[in-house]
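Worksheet for the structure shown next.
Just so we're on the same page: letters track the sequence lines, and every chain starts at 1.
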Amino acid sequence: MNSHARGDGIPNIRENRLPRHFYQRDTLIVVRELLGKILVRRFEGELLSGRIVETEAYIGEDDPACHAARGLTPRTRPMFGPPGKAYVYFIYGMYYCLNAVTEREGFPAAVLIRALEPLAGIETMSARRGSPRPTNLTNGPGKLCQAMAIDKSLNETSLQGEDLYILDGPTLAAETIGSSPRIGIKVGTENPWRFFEKANPFVSK
DNA sequence: ACGCTGATGAAG
DNA sequence: TTCATCAGCGTT
């Protein structure tokens with residue numbers, strides 16, 4: 001029985017979680033297919049969720065913008081590990097960023113989740129963000145982590161677990177996906193490895 | 001355009 | 001131990 005055929009009208013959330021093999025593929029495929037999927041965070045008994053509308057790919061030790069370009073260190077270890085786990089890092093002294101680890105174990109790569117379209121738990125997320133407008137809640141990698149209470153305690157946790165996971169959803173049509181160089185980096189700008197849903201107001205600035 | 005803020009890794 | 005760097009954000 002699949003998740004749409006339970007007969008009780010309640011989606012089978014567990015079975016809808018993206019499996020590990022979704023992530024164990026070419027990062028340039030995963031970075032596009034993650035658009036439209038649903039990021040879910042269980043926090044203090046409440047489910048906070050949002051539809052992924054912007055992502056970036058960081059691919060291997062030869063990508064100068066990838067943290068793994070300096071090799072295996074304590075910080076970058078999650079990217080060298082098995083796919084389907086979270087890589088959460090602290091940046092600029094104030095913010096966290098969430099990545100989904102991709103590719104086979106031993107090949108360091110990940111997809112940075114840059115923006116969400118808020119779905120559930122909007123009241124809680126607004127309060128955590130200091131009550132900004134809905135379009136200013138999760139339109140940036142640091143903002144969405146603040147809204148969803150994602151910090152280093154979730155580093156290296158499975159994305160098929162109970163506290164943080166990504167649900168399957170319809171893959172976006174290619175013509176609705178835009179791309180550009182990645183944001184905030186000074187190297188690797190020749191690669192247009194940022195992807196976003198065109199004309200979506202929840203994409204970052 | 002700039003200041004906030006602290007982890008990170010390289011240099012010494 | 002110092003130092004430069006930094007995949008961000010908010011305010012100016």
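Note on A/Lys152: only backbone sugar-phosphate atoms sit closer than 4.0 angstrom, heavy atoms only; bases stay farther off. At the heavy-atom level, A/Gly142 lies under 4.0 Å from the strands shown only through sugar-phosphate atoms. Residue A/Arg75 is in sugar-phosphate contact alone, with no base atom involved, counting any heavy-atom pair closer than 4.0 Å across all strands shown. Residue A/Arg194 is out of contact with every strand shown, counting any heavy-atom pair closer than 4.0 Å. Contact annotation for A/Ile183: backbone-only contact, meaning every heavy-atom pair under 4.0 Å involves sugar-phosphate atoms and none involves a base.
Between the CE atom of A/Met94 and the C1' atom of B/dG6 there is a distance of 10 Å, given to the nearest Å. Atom CD of A/Gln146 is separated from atom P of C/dA7 by 20 Å (rounded to the nearest Å). Regarding A/Leu112, its CG atom lies at a distance of 13 Å from the C1' atom of C/dC6, rounded to whole Å. When the C1' atom of C/dT11 is taken as reference, atom NZ of A/Lys205 falls 14 Å away, rounded to whole Å. Between the CD atom of A/Glu56 and the C1' atom of C/dG8 there is a distance of 12 Å, given to the nearest Å. If you measure from atom CZ of A/Arg77 to atom P of B/dT8, you get 11 Å, rounded to the nearest angstrom. Between the CG atom of A/Asn155 and the P atom of C/dA7 there is a distance of 16 Å, given to the nearest Å. Summarising the geometry, the separation between CZ on A/Phe196 and P on C/dA7 is reported as 20 Å, rounded to the nearest angstrom.
Looking only at distances, a side-chain donor or acceptor of A/Glu56 sits under 3.5 Å from a matching main-chain atom of A/Ile183. No donor-acceptor pair under 3.5 Å is formed between the side chain of A/Arg194 and the backbone N or O of A/Glu54.
Checked against the 6.0 Å centroid threshold, A/Tyr89 and A/His67 count as a close aromatic pair.
In this structure, A/Arg42 forms no cation-pi arrangement with A/Tyr165, as its terminal cationic atom is not both closer than 6.0 Å to the ring centre and no more than 45° off the ring axis.
Distance from the side chain of A/Ile185 is smallest for C/dA7 among the nucleotides B/dG9, C/dC9, C/dA7. Between C/dA7, B/dG9, B/dG6, one nucleotide has an atom nearer to the side chain of A/Phe90 than all others, and that is B/dG6. Side-chain atoms of A/Arg70 lie closest to B/dA10 of the nucleotides B/dC4, C/dC6, B/dA10.
In this pair, A/Tyr92 does not lay its aromatic ring on the base of B/dG6; centres under 5.5 Å and planes under 30 degrees do not both hold. Judged by centroid separation below 5.5 Å and plane tilt below 30°, A/Tyr95 does not stack onto the base of C/dG8.
Mapped onto DNA chain C by nearest heavy atom, A/Leu144 and A/Lys186 fall at different nucleotides, with A/Lys186 at the one closer to the 5' end.
Partner assigned to B/dA10 is C/dT2, using Watson-Crick or G-U wobble distances below 3.5 angstrom. Pairing for B/dT5 is absent, judged as Watson-Crick or G-U wobble with the two contacts each under 3.5 Å.
For C/dG10, one of the phosphate oxygens OP1 or OP2 lies less than 4.0 angstrom from a side-chain nitrogen or oxygen of A/Lys143. Contact annotation: A/His67 does not reach the phosphate of B/dT8 (side-chain N/O to OP1 or OP2, under 4.0 Å). Contact annotation: A/Arg114 side-chain N/O to C/dG8 OP1/OP2 distance is under 4.0 Å.
Counting distance only, with no hydrogens placed and no angle test, the side-chain atoms of A/Tyr89 and the base atoms of B/dA7 include no donor-acceptor pair under 3.5 Å.
A salt bridge links A/Arg25 with A/Glu33; the closest basic N to acidic carboxylate O contact falls under 4.0 Å.
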Is there a salt bridge (charged side-chain N to carboxylate O under 4.0 Å, His left out) between A/Arg104 and A/Asp26? Walk through the geometry before answering. CA-CA 9 Å; A/Arg104 70 180 194 278; A/Asp26 188 317; over 6 Å; no
